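Computed from heavy atoms alone, side chains included, the values below leave out hydrogens, waters and symmetry copies. Owing to the predicted nature of the structure, the values given are computational and were not obtained by experimental measurement.
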Amino acid sequence: MTQSSHNLIGGEAFRALPTPATLVDRQGIIVDVNDAFLEYARSLGQSIQRESRVGHSILGFASPENRVPLAALLESARAGRSSDYDIVHTLTEGGQRHFHIVGRPLRDAQGIVNGVLVVREDVTADVQREARRQLLFKLHGEVWRMHSTSDLEHVLVAVRDGLRRLDLPFEDCGVNLVDDKQDPPHVSFHNMTRDDDWISAGSDAGADIILDIWRGGTTVYRSDLDKDDPYGEARDIESVFSHHVRGVVDVPFRQGTFAVNSSLPDAFDAADIELIEEVAQVLGDGFSRLADFHALQHPFGKFLPNHNGNFM
């Protein structure tokens with residue numbers, strides 16, 4: 001270990017850096033880790049001490065998928081070049097965190113590289129923001145291409161893929177369309193399961209529940225059906241999706257509700273609900289656009305999905 005690498009930054013100044021950082025010498029041996037790094041490790045479920053890292057190769061602590069890019073980063077720094085790469089940590093309790101790793105060469109008074117500063121920046125919020133933007137953008141495109149309810153399969157594929165990229169803890173998603181031009185109103189269910197099966201059918205089972213939520217006009221979250229099943233729906237939901245469901249969210253829009261479920265209790269937090277509501281708003285805007293379009297084509301008709309799956 002070369003102590004000059006440590007002195008280049010200064011012990012107290014280095015440890016006070018707000019961003020998780022590791023200081024290594026030219027051989028990749030850890031000289032120091034700062035306080036923010038120790039907190040970063042704890043946040044990932046790793047309770048480590050500074051003494052357990054100092055004096056060991058940084059590559060020895062790298063995961064198999066991280067070892068190659070980290071070795072390349074160290075090599076670039078020894079050659080006097082800064083470099084970077086991205087990693088993803090999957091958390092034990094579920095979900096992921098994204099980090100941007102930057103390596104900067106450190107030079108002594110003669111300009112010789114004698115160490116590397118490895119900095120980790122949590123970019124999870126940026127990654128999720130971009131994934132959210134992409135989801136809504138793609139969903140807009142799929143919704144605008146709809147001509148019949150059969151096109152909802154493509155819409156829900158886009159929804160499912162986008163929600164997965166955002167680590168939403170869900171299993172299945174669906175659109176429940178309400179035709180209130182009939183008496184009694186008719187509800188058709190269009191679901192994409194966790195096994196990528198497409199289920200589309202009209203059914204009396206659950207129709208009253210959807211109508212009640214739709215008429216209420218506000219999001220309804222049943223957080224744990226094992227503890228509280230206000231609509232008595234748990235058994236019917238399980239028969240549709242062929243697995244145990246604990247949590248269900250329905251968000252009403254003009255033509256029905258958008259729903260997601262989870263096998264976990266209390267799966268969705270406020271941010272998750274907000275995202276689900278955004279998806280429902282895009283769906284509602286799309287159906288309204290179709291209603292206006294078909295009204296122009298058929299000025300004496302009404303917009304609704306008929307039993308053949310075509311918009312009238």
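There is no side-chain donor-acceptor pair under 3.5 Å between Gln281 and Glu277. When only modelled atom types and interatomic distance are considered, Ser43 and Arg97 share a side-chain donor-acceptor pair under 3.5 Å. A donor atom on one side chain and an acceptor atom on the other are not found under 3.5 Å apart for Asp172 and Thr193. A side-chain donor from one of Arg120 and Thr22 sits under 3.5 Å from a side-chain acceptor of the other. Looking only at atom types and distance, the side chain of Ser200 has a donor-acceptor partner in the side chain of His190 under 3.5 Å away.
Trp198 places no side-chain N or O within donor-acceptor distance of the main-chain N or O of Leu156, the cut-off being under 3.5 Å. No donor-acceptor pair closer than 3.5 Å links the side chain of Asp84 to the backbone N or O of Ile101. Side chain of Tyr40 to backbone of Asp35: no donor-acceptor contact under 3.5 angstrom is found. With Asp228 contributing its side chain and Arg222 its backbone, the two residues share no donor-acceptor pair below 3.5 Å. Of the possible donor and acceptor atoms, none in the side chain of Arg107 sits under 3.5 Å from a partner among the backbone N and O of Pro105. Without hydrogens or angle criteria, Ser76 side chain to Ala72 main chain gives a donor-acceptor distance under 3.5 Å. The main-chain N or O of Ala21 is found under 3.5 Å from a side-chain atom of Asn34 such that the two form a donor-acceptor pair.
Applying the ring-ring contact (aromatic ring centres under 6.0 Å, His included) definition to pairs two or more places apart or across chains, those involving residues 59-90 are His89-Phe99. Sorted by first then second residue, the ring-ring contact (aromatic ring centres under 6.0 Å, His included) pairs that include residues 227-263, not counting sequence neighbours, are Phe253-Phe287.
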- Message: Quick one, Arg42 with Glu39, criterion salt bridge (charged side-chain N to carboxylate O under 4.0 Å, His left out). Give me CA distance, side-chain angles, the key distance, then yes/no.
- Response: CA-CA 5 Å; Arg42 283 192 289 270; Glu39 181 59 35; 3.1 Å; yes

- Task: Check the pair Arg194, Phe170 against side chain to side chain contact (heavy atoms under 4.5 Å, CB included), reporting the backbone distance first and the verdict last.
- Result: CA-CA 8 Å; Arg194 66 177 180 179; Phe170 79 109; over 6 Å; no

- Task: Assess whether side chain to side chain contact (heavy atoms under 4.5 Å, CB included) is satisfied between Thr257 and Val251, documenting all intermediate values.
- Result: CA-CA 5 Å; Thr257 74; Val251 181; over 6 Å; no

- Start with the C-alpha distance between Asp285 and Arg254, add both sets of side-chain angles, then the distance that settles salt bridge (charged side-chain N to carboxylate O under 4.0 Å, His left out), and finish with yes or no. CA-CA 9 Å; Asp285 292 345; Arg254 170 63 187 86; over 6 Å; no

- Item | Steps toward side chain to side chain contact (heavy atoms under 4.5 Å, CB included) verdict (Val24, Leu74) | CA-CA 9 Å; Val24 301; Leu74 295 175; 4.0 Å; yes

- Query: Yes or no on side chain to side chain contact (heavy atoms under 4.5 Å, CB included) for Val187 and Trp214, after CA distance, side-chain angles and deciding distance?
  - Reply: CA-CA 11 Å; Val187 178; Trp214 177 68; over 6 Å; no

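By the side-chain hydrogen bond (donor to acceptor under 3.5 Å, both in side chains) test, Asp197 is found to be paired with no residue, residues two or more places apart in sequence or in another chain being considered.
In terms of heavy-atom proximity, Ala234 sits nearest to Asp229 at N-OD2, 3.1 Å. The shortest heavy-atom contact between Pro169 and Ser262 is O-OG, 2.8 Å. The shortest heavy-atom contact between Gly103 and Leu73 is N-CD1, 3.4 Å. Contact record, Val113 with Gly80: CG2-CA, 4.1 Å, taken as the closest heavy-atom pair. Of all heavy-atom pairs between Ile48 and Phe37, the closest is CD1-CE2, 3.4 Å. When every heavy atom of Ser52 is checked against every heavy atom of His56, the shortest pair comes out as O-CD2, 3.3 Å.
A salt bridge between Glu75 and Arg78 is present, with a side-chain N of the basic residue lying under 4.0 Å from a carboxylate O of the acidic one. Here Arg132 does not pair with Asp272 in a salt bridge; the nearest charged N to carboxylate O distance is not below 4.0 Å.
Taking CG of Asp32 as the start and CG of Asp25 as the end, the distance is 12.5 Å to the nearest 0.5 Å. Rounding to the nearest 0.5 Å gives a distance of 11.5 Å between CD of Glu12 and CG of Leu17. The distance from atom CG of Leu152 to atom CD of Glu142, rounded to the nearest 0.5 Å, is 10.5 Å. Distance check, rounded to the nearest 0.5 Å: CG of Leu166 to CD of Gln96 gives 10.5 Å. Separation of atoms CZ (Arg67) and CG (Leu59) is listed at 7.5 Å; rounding is to 0.5 Å. In this structure, CD on Gln46 lies 11.0 Å from CG on Leu38, to the nearest 0.5 angstrom.
Considering only heavy atoms from C-beta on, Leu23 comes within 4.5 Å of Leu106 through its side chain. Under the 4.5 Å side-chain criterion, counting only non-hydrogen atoms from C-beta, Ile213 is not in contact with Asn176. You'll find the side chain of Leu163 reaches within 4.5 Å of the side chain of Leu135, heavy atoms only. Side chains of Val157 and His154 form no contact here, defined as non-hydrogen atoms less than 4.5 Å apart. Looking only at side-chain heavy atoms (C-beta outward), Asp250 and Val248 come within less than 4.5 Å of each other. At a threshold of 4.5 Å between non-hydrogen side-chain atoms, the residues Val159 and Leu139 count as touching. Within the 4.5 Å cutoff, side-chain heavy atoms of Val119 are placed close to those of Leu117. Residues Arg246 and Leu264 are not in side-chain contact: their nearest non-hydrogen atoms beyond the backbone lie 4.5 Å or more apart.
Cluster membership for Leu44 and Val33, using ILVMFWY side-chain heavy atoms within less than 4.5 angstrom, is shared. Each of Leu225 and Val260 belongs to its own hydrophobic cluster when Ile, Leu, Val, Met, Phe, Trp and Tyr are linked at side-chain heavy-atom distances under 4.5 angstrom. Two different hydrophobic clusters hold Val245 and Phe189 under the rule that ILVMFWY side chains link at heavy-atom gaps under 4.5 Å. Side-chain heavy atoms closer than 4.5 Å link hydrophobic residues (I, L, V, M, F, W, Y) into clusters, and following such links, even through other members, never connects Val220 to Leu168. Hydrophobic cluster membership differs between Val68 and Ile87, with clusters built from Ile, Leu, Val, Met, Phe, Trp and Tyr side chains linked at under 4.5 angstrom.
The local environment of CZ in Arg104 is sparse, with at most 12 non-hydrogen atoms from other residues, nucleotides or ligands closer than 6.0 Å. For CD of Glu65, the number of neighbouring non-hydrogen atoms (other residues, nucleotides, ligands) closer than 6.0 Å is greater than 12.
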